[in-house]
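Quick note: residue numbers are just sequence positions, from 1. Side chains are part of it too, since the values below use all heavy atoms of this structure and drop only hydrogens, waters and symmetry mates.
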Amino acid sequence: MASFLGYTHEDLPDWVKKVEQFPVVLYILKWALIGTLVGGLTGIGSALFLWGLHWATEWRELHKWIIFALPVGGFLIGACYYYLGQDVVKGNNQLLDEITKPNRIIPLKMAPLVTIATIATHLFGGSAGREGTAVQMGGAIADQFTKIFKLDKYDRKILIISGIAAGFSSVFGTPLAGAIFGLEVYIIGRMRYEAIFPSFFTAIIANYATHTFGHHLGITHTEYHIPIVPEMTLQNLSLCVVAGIAFGLTGMLFSKACHYWGGLFKSKISYAPLRPVIGGVVLALGIVVVNYNHGFDYSNYDLKYFGLGVPTIVAAFDTQMHWYDFLMKTLTTSFTLGAGFKGGEVTPLFYIGSTLGSFLSNHISLPVALLAGMGFVGVFSGATNTPMACTMMGIELFGAPSAVFIAVACITAYMFSGHTSIYSSQIVGSPKNQVKENEKGNTLSEIEVIREAEKKHLKNREKGEKK
């Protein structure tokens with residue numbers, strides 16, 4: 001039985017046990033206390049992290065020569081994790097592993113390591129996001145209270161879920177989406193309600209802390225607008241499904257690209273700190289190639305495919321983007337992260353989705369801002385298998401009028417992205433179709449191993465039949 005400060009349900013008098021709501025009151029008080037601590041600390045940490053990202057981005061834009069030091073930055077980041085962070089290198093997947101298969105307390109150093117490394121990635125010009133950093137920060141901070149309050153394995157799982165929710169909520173300013181993301185992300189097709197109050201409470205506190213503390217640092221969340229939302233007709237419903245299919249396939253492409261580059265670097269370069277060095281050289285050369293018109297006049301370089309890319313995301317809601325914008329961001333981000341630089345994937349997914357949606361407005365008769373918003377959360381849904389969180393995020397960011405369009409895009413994208421994800425430790429709780437029923441209960445990384453073994457078996461059998 002779960003305990004808190006020495007108290008268990010068995011300690012209650014029999015007449016109290018008969019009152020069903022009394023244990024609920026104690027449960028709420030318990031998680032309100034823990035949630036306030038976890039949410040408050042995570043929210044403050046996210047505010048400082050966002051301030052650091054803002055500083056790094058501005059400094060890089062004023063001193064664009066720093067991009068030529070990408071290999072140096074890569075080595076510093078790689079060496080930092082190789083010599084100091086071997087036990088936290090799995091990042092978000094480590095949090096998911098600790099929820100499903102508890103092993104040991106997540107080291108607190110995960111939070112400062114990923115924060116410093118992510119800011120360094122953006123400072124030198126790498127293409128990455130911010131959600132992964134905030135989520136790892138929230139999970140690492142939360143797990144420290146396992147020992148302080150002597151929580152058991154059941155409560156520890158709830159605690160880590162709450163930390164994930166706090167990190168996501170605070171970094172994007174979406175408390176409801178953050179709470180649902182924490183509940184939804186670790187198991188595909190299922191949502192565990194035992195953590196519903198802690199997740200929501202902690203996410204709300206974290207968002208409030210970031211908003212309050214960030215106000216003093218001059219940090220605010222980006223606002224997006226969808227001015228025109230048409231009526232949901234059968235024709236528009238069909239167009240939403242078509243767009244959702246494109247978003248889902250793009251989410252799958254991004255996930256596979258991240259895993260491909262990560263696997264390639266690991267298989268070819270055994271010394272981990274050297275991976276981001278090589279990656280940094282390639283990225284720096286790529287920036288020069290993209291800006292070949294400017295020669296080596298780096299002050300005029302366009303770095304739209306690097307860093308967070310928020311200005312491009314905002315522009316996608318007003319201007320029709322080119323067909324290659326989402327592909328370029330997919331390439332630069334998957335390569336950056338695969339090479340060993342640090343940061344999240346979600347903001348780049350926003351970039352990829354919004355620019356893809358904006359481009360699709362050339363061919364799909366829906367308003368450009370609406371399609372950009374649908375892509376913003378739709379590609380994210382396909383790449384993370386979190387359709388409910390993404391739908392809620394769309395409502396929080398873009399408003400209720402677009403809710404039905406957002407929901408159809410997110411759900412369709414989720415269905416068409418297959419059993420792939422940027423998080424290889426996700427477990428398939430409910431397969432997306434009956435054909436994949438045999439994959440139920442396995443993590444996505446285990447499924448990849450099984451599929452590769454099946455392919456080899458088929459090839460060997462075909463060779464045998466030819467002989």
Side-chain angles (χ1 to χ4, degrees), residues 92 96 131 135 164-165 168 172 174 176-192 232 237-259 326 330 344-350 352-354 356-357 360 364 370-398 402-437 439-445 447-448:
N92 288 348
L96 303 187
E131 130 284 338
V135 165
I164 291 172
F168 192 98
F172 294 123
T174 54
L176 301 182
I180 298 173
F181 182 82
L183 295 168
E184 190 178 24
V185 68
Y186 72 98
I187 183 165
I188 298 173
R190 301 281 178 87
M191 194 178 295
R192 304 296 291 269
M232 177 55 84
L237 177 60
S238 300
L239 294 175
C240 283
V241 171
V242 172
I245 293 172
F247 299 146
L249 295 176
T250 302
M252 180 176 69
L253 171 66
F254 181 84
S255 298
K256 287 185 175 293
C258 287
H259 296 315
F326 80 96
T330 298
E345 301 92 345
V346 173
T347 303
L349 286 169
F350 294 162
I352 293 164
S354 60
L356 172 59
L360 288 177
I364 295 177
L370 179 59
L371 274 167
M374 290 163 59
F376 185 106
V377 289
V379 174
F380 173 30
S381 172
T384 60
N385 297 305
T386 56
M388 298 299 102
C390 294
T391 299
M392 182 55 69
M393 181 176 229
I395 295 172
E396 288 186 288
L397 292 178
F398 312 131
S402 60
V404 177
F405 289 87
I406 294 294
V408 173
C410 289
I411 294 167
T412 306
Y414 162 76
M415 296 300 297
F416 275 83
S417 65
H419 286 171
T420 61
S421 174
I422 57 176
Y423 308 129
S424 58
S425 290
Q426 282 183 320
I427 292 177
V428 177
S430 294
K432 297 182 183 182
N433 59 73
Q434 291 182 344
V435 176
K436 298 296 182 181
E437 188 68 29
E439 296 180 349
K440 182 177 180 179
N442 294 307
T443 66
L444 295 179
S445 59
I447 289 172
E448 283 299 315

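Between Thr391 and Cys410, the shortest heavy-atom contact is OG1-CB, 3.6 Å. When all heavy atoms of Cys240 and Met232 are compared, the closest pair comes out as SG-CE, 3.9 Å. In terms of heavy atoms, Leu371 sits closest to Ala243 at CD2-CB, 4.1 Å. Nearest heavy-atom pair across Phe380 and Cys390 is CD2-SG, 3.3 Å. Of all heavy-atom pairs between Ala165 and Ala179, the closest is CB-CA, 3.8 Å. Heavy atoms only, all atoms of each residue included: Gly182 and Ile164 are closest at CA-CG2, 4.0 Å.
Scored by the side chain to side chain donor-acceptor pair (under 3.5 Å) test, Tyr423 finds Glu131 as partners (sequence neighbours excluded). Applying the ring pair (Phe, Tyr, Trp, His ring centres under 6.0 Å) rule to Phe398 yields the partners Phe317, Phe376; only residues at least two apart in sequence or on another chain are considered. Under the ring pair (Phe, Tyr, Trp, His ring centres under 6.0 Å) criterion, Phe405 pairs with no residue, sequence neighbours left out. Every residue two or more places apart in sequence or in another chain was checked for a salt bridge (charged side-chain N to carboxylate O under 4.0 Å, His left out) with Arg190, and none qualifies. Remark: Glu396 engages no residue in a side chain to side chain donor-acceptor pair (under 3.5 Å) (not counting sequence neighbours).
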*Step by step, would you call Leu444 with Val428 a side-chain contact (heavy atoms from CB on, under 4.5 Å)?*
CA-CA 7 Å; Leu444 295 179; Val428 177; 3.9 Å; yes
*Give the C-alpha distance, both sets of side-chain angles, the deciding distance and a yes or no for side-chain contact (heavy atoms from CB on, under 4.5 Å) between Val185 and Asn92.*
CA-CA 10 Å; Val185 68; Asn92 288 348; over 6 Å; no
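Listed by first then second residue, pairs satisfying side chain to side chain donor-acceptor pair (under 3.5 Å) with a partner in residues 372-389 read Thr384-Thr386, Asn385-Gln426, Asn385-Lys432, not counting sequence neighbours.
The CZ atom of Phe326 lies 10.0 Å from the CZ atom of Phe247; values are rounded to the nearest 0.5 Å. Distance OG/Ser417 to CD1/Ile245: 12.0 Å, rounded to 0.5 Å. His419 contributes atom NE2, which lies 11.5 Å from atom CD of Glu448 (distance to the nearest 0.5 angstrom). One finds the CD1 atom of Ile395 at 12.0 Å from the OG1 atom of Thr174 (value rounded to the nearest 0.5 Å). Atom OH in Tyr186 sits 10.0 Å away from atom CG in Leu96 (nearest 0.5 Å). Rounding to the nearest 0.5 angstrom, the gap separating the CG atom in Leu183 from the CE atom in Met388 is 13.0 Å.
Counting heavy atoms from C-beta outward, Glu184 and Pro387 have side chains that approach closer than 4.5 Å. Here the side chains of Tyr414 and Ile188 are in contact, with some heavy-atom distance below 4.5 Å.
More than 12 heavy atoms of other shown residues, nucleotides or ligands fall within 6.0 angstrom of atom CD in Glu437.
Aromatic ring centres of Phe350 and Phe172 lie closer together than 6.0 Å.
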